[in-house]
Every structure is written in structure tokens, then in C-alpha cells.
Number of protein chains: 2
Amino acid sequence: MDRRRTENNEEALAQGRPTLKTLAFMTGLGVTTVSRALKDAPEIGAETRRRVQLVAKQIGYRPNRAGVRLRTGRTNVISLVLNTEREIMSFVSDIIYGVSEVIADTPYHLIVTPYSRSQDPLDPIRYLVETGSADGVIISRTQPNDPRARYMLEHGIPFATHGRTDMGLVHPYHDFDNYAFAVEAVRRLAGIGRRRLALLSPPVGLTYHSHTVNGFADALSEVGASEIPFNTVSIDHTIEQIRSRTAQVMRREDRPDGFVSSAAAATLAIVAGIEDAGLKLGRDVDVVSKQSSDLLHLFRTELLVVNENFRLAGSELARSVLGWIGGAAPGTLQSLSVPSEVLAYRRSLD
Amino acid sequence: MDRRRTENNEEALAQGRPTLKTLAFMTGLGVTTVSRALKDAPEIGAETRRRVQLVAKQIGYRPNRAGVRLRTGRTNVISLVLNTEREIMSFVSDIIYGVSEVIADTPYHLIVTPYSRSQDPLDPIRYLVETGSADGVIISRTQPNDPRARYMLEHGIPFATHGRTDMGLVHPYHDFDNYAFAVEAVRRLAGIGRRRLALLSPPVGLTYHSHTVNGFADALSEVGASEIPFNTVSIDHTIEQIRSRTAQVMRREDRPDGFVSSAAAATLAIVAGIEDAGLKLGRDVDVVSKQSSDLLHLFRTELLVVNENFRLAGSELARSVLGWIGGAAPGTLQSLSVPSEVLAYRRSLD
DNA sequence: TTGGCAATCTGTAACGTTTCAGTATATTGA
DNA sequence: TCAATATACTGAAACGTTACAGATTGCCAA
């Protein structure tokens, strides 16, 4: 160890937060060697490697994110892109917690990138890509022909979509099988004698709208039930809109005797509308609803529910993005969540 | 412009993303000048300043976050620290959206830093401070003597708490006036003839537990009603625990004829418990509940509610943190949200 | 002995930014 | 006219990291 190095780095010990320089001084090695020793590079002696790593742990060395990011371009950031007006409430927290679980023991941070109704959904994606603010992106409200997915594929940034696309392009996704949900829901309603069914679907334009609608239609013809059109509202509408539209349709002669609802909050509105029309849930009409937290049975015990686990979705999406970043083939990072069976609380499963 | 500079920076134009160097080359100025021109430094000529800013806008220059962060230590990041198990659902999304609104037109990013039941709540705070990962922090589940607030004050990192502390230390906060909530709730119940009241409180240990309990107690003596002890459960307990405990207490001789509930989800459980005991809401017992989204009246129209706006809380918290970062005095960045009056849906306000 | 080679380690440069300590030019006061 | 000063700009260094292109050592084959 020559005199010059000692002098130059004397101050390294005085610093608040340890850097590679600090470690280099303490171990008597060069900064380069320390850097490589910490990441288990093969050309560093086994003994040296262990010594460096020990000292690093001892003094609580943590790589400076800005340094790494500046040098390598890697941000160690995953961005979750959310619509601040339209996303379902519990959806958001559950997804976040799911993502958090997975990235907890990685160097990744989770940033939330919001966009509002007024904005082009592509805006936040462009921002992320242009500023290189994230290594991976998670988006929801996925469309069959999704410009965001296309854009990210073109720009080579790893991402995962919550929901599938239908563009002939392959990318990681996690989706709930909404086709199966609709099919099971209709079968169940038919099983308890319901014949005239209405569907409160996801908003038109999102991929899972057509999945749901297709499952609903296919199951209708399978069981020989008929559809009461209910497509002037979707789960994106307000509680009040859904409620009054439900009341309206329930006052008609050919009112539905069964509902399939794609969201729990919307189900509250449907039930309110049913009761506004002076009808009774479980007697005049049955409702099968998705829910993400186990609360609907407290609301009305007559409700039939199917659980959707958003926390799982968050975890799967995070795993997919990290996988892609890590070099896995995008096609291997796709998963589909199978709906739970239709659950009843008052009525026994028949 | 000498020959050397031209040669050195020729490549600046070939780059993907523009940097100060790119701008310097395009304008024929030095990097330093460009940097200062962009931040309206006084020693740059007005004409030059405008020219640089124009070109910067034209080519879509965005400062490299890693560069800034490495040089200045400023991260342009606000961290929202969340408990992944105990936080109330809608709370999380609303807070996030509230924060997002405020930081939308700032350079700040929002990162979510989770911690789990098993962890010391101080862990994520230590991590943030030690790694310098954020310029400001927002925490919730605030305690009267909060080690996290103390730690951050000691380490000089700006933060805001959702809920107040009681340590004689001054820091920014936003809080909902839970004392006033409890008082109004009790007065309302007393106003409709309820005399034996039970409180489902926030978990012991959090500051707003005592606020709520104090308001409840003070109002009880004010209206001359009595308390039916209900403190073996809190809103942190599971739906099932609250439900069965409610059913249990409702089967007793001296059962409560009124409930004050500090959370909407818990209220569902209370009502279920009441009905489990064969009693009827609005006839045998009334319930006043806080809610953050306007859904409880769909659940049971007899419920009395007080609205708490978490989105507002998020905005206020973000404003506070940014204010502190910007140099404002912490004492001026405190706000208290006044509860809405107790709202009824079936019964008219008397 | 020499050349070659593997095994370890090292200094320098660069990522993009801001700060420090200037330098050149024009302007002012006497 | 000269010095002093204000105005407008500049290069170099530094933040912490990693990649590149060596450098040193010891060992072995020829």
C-alpha cells in the first residue's frame, strides 16, 4: 500500500455513508477490486472476496443508487402505472402489496406513476421510457390492441400487463380468467332456475370486457337462457348511474331474474337498484358478483360470489417483469388465474 | 467557438437522449452556462437564457435524475411508508392519488415503501434515511410517542405524519379530527334516544385511538349516556372477530343501543353481529360509522355516517412534505380535517 | 534462462450534473 | 487614459459506480 493512496483516502473514513472508496481503504484494495469482489466476479481471489464482503456487511455498505444508475443506466425501479380515476379501490392496495412482497428482497423500488382521465394513457409510458425512469413497467386496464404495450415492445423496455392483449405480439401478462368467471356465473344462475340474465360488464375497450361478454354469451346458449341487455352501463359508471339503471330495468315487464356483476362496488349498486324497484334479492332475482375482499356476504347473504385475488395478481406481475428484466423469454412469463367456484353463504352449494 | 470543443462534442448530437452537453453543443455555449441558464440563474444574459430554454424545450431536454442525484444528493423522491397488512384498503389508493395530484407537476416521484407485521416499523425509515433514498417521507399509523418521527427529526429528513404525535416535538401532520367525530357521533346517537353506547375504536397505541376514546368519553358525560365496554376488539381485528364479539355483546342483558365505529369495513362486521343476535339496526340499535367512500348507505340505509376524505389527506400530506423540503417552517405545515356532520339516509336530520 | 500464461489486482475514464474558481469583455469613474 | 468593476461566460473537479485496458506476480514448459 503506497503512501499516496493512504493519503488520498484517509478522508474516506470520515465520511458519513460508506462507499467503495471507504471499503477500498479499509481493505487496502483498489476500488475496482472491491466493486468486483462484491459482485462475486471470478477473477477475484476467494479469500479476498470473502474478506471484502465481510467488511462490507460489517460497516453496512449499500451501493449508491445514483452512482449505479448513472454508470449503468439501471434504475432498479419498477413502475406501476395507474389511472387515478378509474381504478378499482381495493385493487390498488392489493396490487401494490403483491408487488411489494415480490420485490421486498431485491434492490428494486416501486414507484407509482399516475395518469388522469384527461391524459392519453400513453403519456406516462412515454415519460418513463424517454426519461429512463424505470427498468420495468406494470400496466393495467389493458386493451386488445394496446398502444402502450406496442410502444414498450418497440422501445425494448420490459413490462407486464394486467390483462391480456390481442395483437399477435407476445409479452408477459397476468390475467384473471373472466371468460371462465362469466361461464360459471351463468351456469350457477341457470342452476337455480334463472333464465333471463343481465351482465354488468367491464368497460368496453378493455380486453376483459370481451372475455366476460363472450363467456356470458357462450354460457347463455349452453344453458339455454336469454340475455336482458344491460350494456348502457359498465363497472366504470358511478354507483348512482348503475343503481338507477338497474332500478329502471327491474321495473320492466321482461326484467332479468339474474345478474352477473364484474365488480363488488357495482354489485352494491345493483342490489340497491333491485330493492329500489321493490324486488327482493334471492327471491325475485339472484346476483353473482366478483369480489376481491370477502365482504359482500356481509352486505346481503343472498349474494353469490367469485373471488379475485389482486394481491396474487400483483405478485405475478412483479415476478413477470423481474423475469423479463432478468433475461427470461417473455412468452414464459404469462399466467392466468382460475376463478374460485361460485360461493354462496345462505344457500348451500347444490 | 474553438475547434477542440466542436470536435469533442460532435458526438453529442448522435446521442439518444439529450444532455447538457447536447444543449451546449447546439447553442455554442459551455455546459455550465446551459445548466445555469436552465435554472434562471441571474448571471446569465436574458437573451441567452431564453435561447437555451427554447432549445431545451424544442428537443425535449429532461435533466438526468441520476446525474442530479449523484451530484446534489437530492433524489426528487417522496416515499409513502405503508404497513402491508394493517392499512385500510381504500385508504391506500386514496392517499396515493391525493399525493399524486400534488406532485404531478413537480419533478417528484412517489415510491411506496412497505413493511410487514413482523418488522419493526422503524426499519423502513432507517433504510430510507441510511440509503438517502428519499427527500421526504410520509408515514401513517402515527403514535403519541412515535419513534419514527423522532428518528426522522434527529436525522433531519423532512416528513409528514398522517395523524398527530404527542411528544412535544413539532413536525408537519395532517389529521382527521377524530375527537370531533366521536363527539358528534355520540351526540347524534343521544339525540335519537340512545343511552348505552359502545365504541369500536382504532387500535390502542395509535394517537387517534385516544382522540377517539376521549371524544367518546367526553360526549358521553355531556349527554349523560353510559358506555358499554367494547374494547376487546379494534378496527385492526378481523371482520370475523368483530362480528362474533358484537354478536356476543348484543346477546347480553345490558346490550348497547348504539355503536360508534371508526371504520367502514368494521361497520359491516358490527351490523352482521347485530343481526346474528337477532336484533334490528335502526330499531334495537343505531350505528354511526366513519366511511371514506360513499357506500355504507347502500349496505344498510339505517346507518349513520361521517365521511373522511383520504384523498384530501394525501394531498395535504404531500403539500406538507414538499413545503418542508422547500424550507417552510414545520409548524406551519399542520392541518386538521373537520368531520362532515353525521349523515343519515333513511331518517331525516332532526 | 526465457517466454508464455494464468491468476489477481489496479488506475483511468466515463455516465450527467452542479459548484468552484476563475477568465474575458465591456463599462464605469477619475 | 487607466484601473476598477460589473457582466457574461467557462473549464475542471467531484458525486459513486462500473468497464476497459492494463500491470504485477508466480509458475511452468521449452
Output the rounded distance in Å from CZ (A:Arg65) to C1' (D:dC15). 17 Å
Under 4.0 Å, heavy atoms only, any strand: does A:Ile44 hit a base, just the sugar-phosphate, or nothing? sugar-phosphate
Distance, rounded to the nearest Å, where B:Arg71 contributes CZ and C:dT17 contributes P: 13 Å
Cut-off 3.5 Å, side chains only: do A:Asp135 and A:Thr75 have a donor facing an acceptor? yes
Without decimals, in angstroms, what is the distance between B:Glu47 CD and D:dA8 C1'? 13 Å
Measure from CG on A:Leu20 to P on C:dG11 and round the result to the nearest Å. 14 Å
Name the orientation class of the two ring planes belonging to A:Phe159 and A:Trp324 (parallel below 30°, tilted from 30 to 60°, perpendicular beyond 60°). tilted
Within the structure, does a side-chain N or O atom of B:Thr48 lie under 4.0 Å from either OP1 or OP2 of D:dC9? yes
Choosing from D:dT17, D:dC9, C:dT17, which nucleotide comes nearest the side chain of B:Leu29? D:dC9
Between the base of D:dA19 and the side chain of A:Thr32, is there a donor-acceptor distance below 3.5 Å? yes
We want to know whether B:Asp40 and B:Gln53 form a side-chain donor-acceptor pair, criterion being a heavy-atom distance below 3.5 angstrom. yes
Of the listed nucleotides D:dT17, C:dT17, D:dC9, the one nearest the side chain of A:Thr19: D:dT17
What is the separation between atom NZ on A:Lys21 and atom P on D:dC15, rounded to the nearest whole Å? 5 Å
B:Glu43 has a side chain; which of D:dA13, D:dC9, D:dT18 sits nearest to it? D:dC9
Between B:Ser133 and A:His109 the two heavy atoms that sit nearest each other are OG-CE1, 3.6 Å
A:Arg62 or B:Pro42, whichever maps to the more 5' nucleotide of DNA chain D: B:Pro42
Between CG of B:Asn64 and P of D:dT17 the distance, given in whole Å, is 16 Å
Atom CG of A:Leu38 and atom C1' of C:dC9 are separated, to the nearest Å, by 15 Å
Choose from D:dT18, C:dG16, D:dT17 the nucleotide whose nearest atom is closest to any side-chain atom of A:Ser35. D:dT18
Per nearest nucleotide of DNA chain D, the residue lying toward the 5' end, B:Gly45 or A:Pro63, is B:Gly45
d(CG, A:Asn76; C1', D:dT17) in whole Å: 12 Å
Between B:Glu130 and A:Arg17, is there a side-chain N and carboxylate O pair less than 4.0 Å apart? no
Taking the side chain of B:Thr33 as its heavy atoms from C-beta onward, which of D:dT18, C:dT10, D:dT10 lies nearest to it? D:dT10
